[in-house]
Novice: 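Have a look at this one.
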Amino acid sequence: MRNFNYSIPTAIFFGKDQIGALSEQIRNFGGSRVLFVYGGGSIKQMGLYDQVVAILKTHDLPFWELAGIDPNPRIESVRQGIEICRKHKVDFVLAVGGGSSIDCAKLITAGFYYESDPWDLMIGKAKFVKALPLGTILTLSATGSEMDNFSVISNFQTHQKIGLGNPVMAPKFSILDPTYTYSVPKKQTAAGTADIMSHTIENYFTAVKGAYLQSRLAEGILKTCIHYAPIALANPDNYEARANLMWASSLAINGLLSYGKERKWSCHPMEHELSAYYDITHGEGLAILTPPWMEYVLNDATVEQFKDYGVNVWGLNPGEDSYALARQAIVKTQEFFMSLGLPSTLREVMIGEENLKIMAKAATKDGAIGEFRPLHTEDVYNIYKSAL
Ligand code: NZQ
Ligand code: ZN
């Protein structure tokens, strides 16, 4: 296990009616004028919008709205949000929704203190210095953005989708009420589960040895998803299922699983190119790519970790040959995603061969990705091809 510095600064208010903490938390972090960021209207349908507005009004917190954040949030929305903040002297940003609203809000908070275009921060042309305080109310269990410091923003003009982390963007607090996820449609429940599992898998399969505890925690999160996602799909109002998926979402990516390991991911950079070129749902792209990636990286150096995965996560018989076990575990993974209604091929999400080479090149433009088995352009291309 490598050295690490533990720091997960986001305060979590978990459970039913925890929205009661909202106004006090905004005030605690110096908020008096709020930018309220949300997506395409799901929070209005579920009544959460009215609840938030009532709280802000009751507690004399003037607010301005940035609505309509798209899934795969655009840099244009970030620019718009920064403009509103400057114009109205906003001192606190509140994101209500899924990862897209939260990610957009994150870059607004940092971009506010940068005088030029916020895209510069994403492409490394400018440094993150500080950020406005951010609070979130999560409505979709998936990205873990509610408890990490990453923001993933798309620029469709340049065909780029970039994910970048910086401590200044970590939310100060997040309200996690599982009942807000009752209305999440089946497709998003399934894609969210694939995303949580992918974050866990990225942290689990690593070449760093000896982080035994982190690996067992990861297996617990994977088993939680495998157990509860079908329940949430069959019965969307099942509190226990929604609560477990919600907490799994946060724990999969907040650092807990990656401390002491290498954080160089594989399927995410490959998926971000698919989203950048085809605007597909992130979790669906991950469900498609994960099994072929697993097959591609399976070799003598990695087979024992796949064996652990098969035995500890999927309950396979440890007595069997390691390769046979590994392959069964990969099949189980793919079958599970398919049982949730997720696609298993690129063609199902309307991706053909046309851009595979360009996307493979883009995914590896800064060198090989991943460290479990480093992937060069040709490797990424091969994985895309086998996912067709
Ligand atoms: O826009 P609204 O109307 O809110 O509808 C959304 C959207 O259509 C809907 N939804 C959310 N909560 C709902 C709901 N519908 C009904 N009831 C609810 N309670 O679901 C759709 C998808 O929402 P979105 O926020 O886009 O989904 P998600 O949370 O999966 O976020 C995806 C984005 O996050 C990035 C992805 O790449 C993608 O851009 N990621 C962010 C990460 C991070 N910050 O750490 C890491 C991830 O790996 C990921 O890359
Ligand atoms: Zn993800």
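The first residue in the sequence is number 1, and the count goes up from there. When a ligand or atom number is given, it counts from 1 through the structure's own listing order.
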Novice: Any nitrogen or oxygen of Asn72, side chain or backbone, less than 3.5 Å from one on ligand 1?
Specialist: yes

Novice: Show me which atoms of ligand 1 lie under 4.0 Å from any heavy atom of Lys161.
Specialist: 36 (C), 37 (O), 38 (C), 39 (O)

Novice: Side chain of Tyr384, backbone of Met270: donor and acceptor closer than 3.5 Å?
Specialist: yes

Novice: Given atoms NE2 of His268 and OD1 of Asp195, what angle do they subtend at the Zn ion (ligand 2), to the nearest 10 degrees?
Specialist: 120°

Novice: For a quick check under 3.5 Å, do Lys161 and Asn72 share a side-chain donor-acceptor pair by atom type?
Specialist: yes

Novice: Evaluate Gly41 for polar contact with ligand 1, using N/O atom pairs at a separation under 3.5 Å.
Specialist: yes

Novice: Closest by any non-hydrogen atom to atom 4 (O) of ligand 1: pick that one out of Ser42, Ser101, Gly144.
Specialist: Ser42

Novice: Any side-chain donor-acceptor pair under 3.5 Å between Ser174 and Thr10?
Specialist: no

Novice: Which atoms of ligand 1 have any heavy atom of Pro73 under 4.0 Å away?
Specialist: 39 (O)

Novice: Could you tell me whether some N/O pair between Ser183 and ligand 1 is separated by less than 3.5 angstrom?
Specialist: yes

Novice: Can you confirm whether the side chains of Tyr38 and Thr139 place a donor and an acceptor under 3.5 Å from each other?
Specialist: no

Novice: Name the option, out of Gly99, Pro236, Pro71, that contains the heavy atom nearest to atom 28 (P) of ligand 1.
Specialist: Gly99

Novice: Just jot down the ligand 1 atoms closer than 4.0 angstrom to any heavy atom of His268, in number order.
Specialist: 48 (O)

Novice: Tell me which part of Ile253 gets within contact of ligand 1: side chain, backbone, both or neither, using heavy atoms under 4.0 Å.
Specialist: side chain

Novice: By number and element, which atoms of ligand 1 are closer than 4.0 Å to a non-hydrogen atom of Gly98?
Specialist: 25 (O), 29 (O)

Novice: Within the 3.5 Å criterion, strictly below it, is a donor on Asp195 or Ser198 matched to an acceptor on the partner's side chain?
Specialist: no

Novice: With the threshold set at under 4.0 angstrom, would you say Glu271 reaches ligand 1 through any of its heavy atoms?
Specialist: no

Novice: Answer side chain, backbone, both or neither: which part of Asp195 comes under 4.0 Å from ligand 1, heavy atoms only.
Specialist: side chain

Novice: Identify, by atom number and element, the atoms of ligand 1 in contact range of Thr139, meaning under 4.0 Å from any of its heavy atoms.
Specialist: 11 (C), 12 (N), 13 (C), 18 (C), 19 (N)

Novice: Would Leu375 and Met359 show up in the same hydrophobic cluster when neighbours are defined by side-chain heavy atoms closer than 4.5 Å?
Specialist: yes

Novice: Are Lys357 and Tyr381 in a cation-pi contact, defined as NZ or CZ under 6.0 Å from the six-membered ring centre and within 45° of the axis?
Specialist: yes

Novice: Quick one about Ser145 and Asp103 (side-chain donor to acceptor, distance below 3.5 Å, no hydrogens or angles considered), yes or no?
Specialist: yes

Novice: With a 4.0 Å cut-off on heavy atoms, is Gly283 touching ligand 1?
Specialist: no

Novice: Do ligand 1 and Gly40 have nitrogen or oxygen atoms that lie under 3.5 Å from each other?
Specialist: yes

Novice: Is Lys106 close to ligand 1, meaning an N/O of one under 3.5 Å from an N/O of the other?
Specialist: no

Novice: Any Lys/Arg nitrogen of Arg86 or Glu83 sitting under 4.0 Å from an Asp/Glu carboxylate oxygen of the other?
Specialist: no

Novice: Given the Zn ion (ligand 2) as the apex, I'd like the angle to NE2 of His282 and NE2 of His199, rounded to 10 degrees.
Specialist: 170°

Novice: Please identify which atoms of ligand 1 are closer than 4.0 Å to at least one heavy atom of Pro185.
Specialist: 15 (N), 16 (C)

Novice: When you check the side-chain N and O atoms of Thr302 and Gln305, is any donor under 3.5 Å from an acceptor?
Specialist: no

Novice: Taking all non-hydrogen atoms of both residues into account, name the closest pair between Gly97 and Ile102 and its distance.
Specialist: O-CD1, 4.1 Å

Novice: Counting only heavy atoms, which portion of Tyr38 has something under 4.0 Å from ligand 1: side chain, backbone, both, or neither?
Specialist: neither

Novice: Which is closest to atom 41 (C) of ligand 1 by heavy-atom distance: Asp103, Asp148, Ile196?
Specialist: Asp103

Novice: Under 4.0 Å, heavy atoms only, figure out whether ligand 1 is touched by the backbone of His199, its side chain, both or neither.
Specialist: side chain

Novice: State, to 0.1 Å, how close Cys225 and Pro230 come at their nearest heavy-atom pair, and which atoms those are.
Specialist: O-CD, 4.0 Å

Novice: Quick one about Asp300 and Tyr323 (side-chain donor to acceptor, distance below 3.5 Å, no hydrogens or angles considered), yes or no?
Specialist: yes

Novice: Below 4.0 angstrom from a heavy atom of Met46, which ligand 1 atoms are there? Numbered from 1 as shown, please.
Specialist: 18 (C), 19 (N)

